[in-house]
Amino acid sequence: MDYTAFMETLRKKGYTPYFVKTSAEARDLVMNELLKGVKTLGKGGSVTLQETGIWDALLNQDEITLYSTTLAAMRGESKEDALQKAMFADCYICSANAITLQGDIVNIDGVGNRVGALIYGPKKSILVVGRNKICKNYGEAIARIKREACPKNAVRNKHPELPCAQTGKCGNCDLPARMCKITSRMEYALPDREVHIVLVDEDLGF
Ligand code: SF4
């Protein structure tokens, strides 16, 4: 994988890319550099943030107010309130379902909070992306999400009724619990928004 060329592609798309070898480096970059000056932070659901240790680091600091449905559930607070406040935070942090070699950021959401925040939420976003999320093109990105992300998320989010949870394959379902309600393909950075992409040379999340 030629990360130098890939980072140049991302720069041309208006994004600010970083490359690190390890989760620990990603955590330190995010906590010590990218979140400098941030007072309020929205967070999307992300296994990557857990695996890199960023989630624990966020829980163990008291300078940034965190808006996250996971945290709201842990504290017995309103998830809807956390979702709303995350949209107006100084910054938003999550991963991406996939990122293509052409620089497209691809996400499929069941609620819309994550794609909503990335499109017209906080002025600054941080995406932490493992090497396993990098795809050759848009078609492969969608296939990867349906094959790798959706079945595991269906199980993780406790939706055993979904075909992908039962068989590991997308059944193009029409069920209320469907996770694939919105697909977003960001092809270029949006105006007046900073999008920081931390590429990590490890397999992270799904
Ligand atoms: S459309 Fe339904 S079955 Fe297919 S991946 Fe999405 S939630 Fe799973």
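Hydrogens, waters and symmetry mates are skipped; everything else that's a heavy atom, side chains included, is used. Atoms within each ligand, like the ligands themselves, are counted from 1 in listed order.
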Participant: Do Arg193 and Tyr120 meet the cation-pi criteria used here (NZ or CZ under 6.0 Å from the six-membered ring centre, within 45° of the axis)?
Facilitator: yes
Participant: Any luck finding a side-chain donor-acceptor pair between Lys133 and Ser95 under 3.5 Å?
Facilitator: yes
Participant: Ignoring hydrogens and angles, state whether a donor on the side chain of Thr48 or Glu51 is under 3.5 Å from an acceptor on the partner side chain.
Facilitator: no
Participant: Test salt bridge (charged side-chain N to carboxylate O under 4.0 Å, His left out) on Lys152 and Glu148; report intermediate values, then the result.
Facilitator: CA-CA 7 Å; Lys152 290 176 189 154; Glu148 304 289 337; 3.7 Å; yes
Participant: Which heavy atom in Tyr18 sits nearest to a heavy atom in Leu34, and how many Å separate them?
Facilitator: OH-CD2, 3.3 Å
Participant: Have a look around atom 8 (Fe) of ligand 1 and list protein N/O/S atoms under 2.8 Å, or say none.
Facilitator: Cys164 SG
Participant: Would Lys124 and Asp90 pass as an ion pair if we require N to O under 4.0 Å?
Facilitator: no
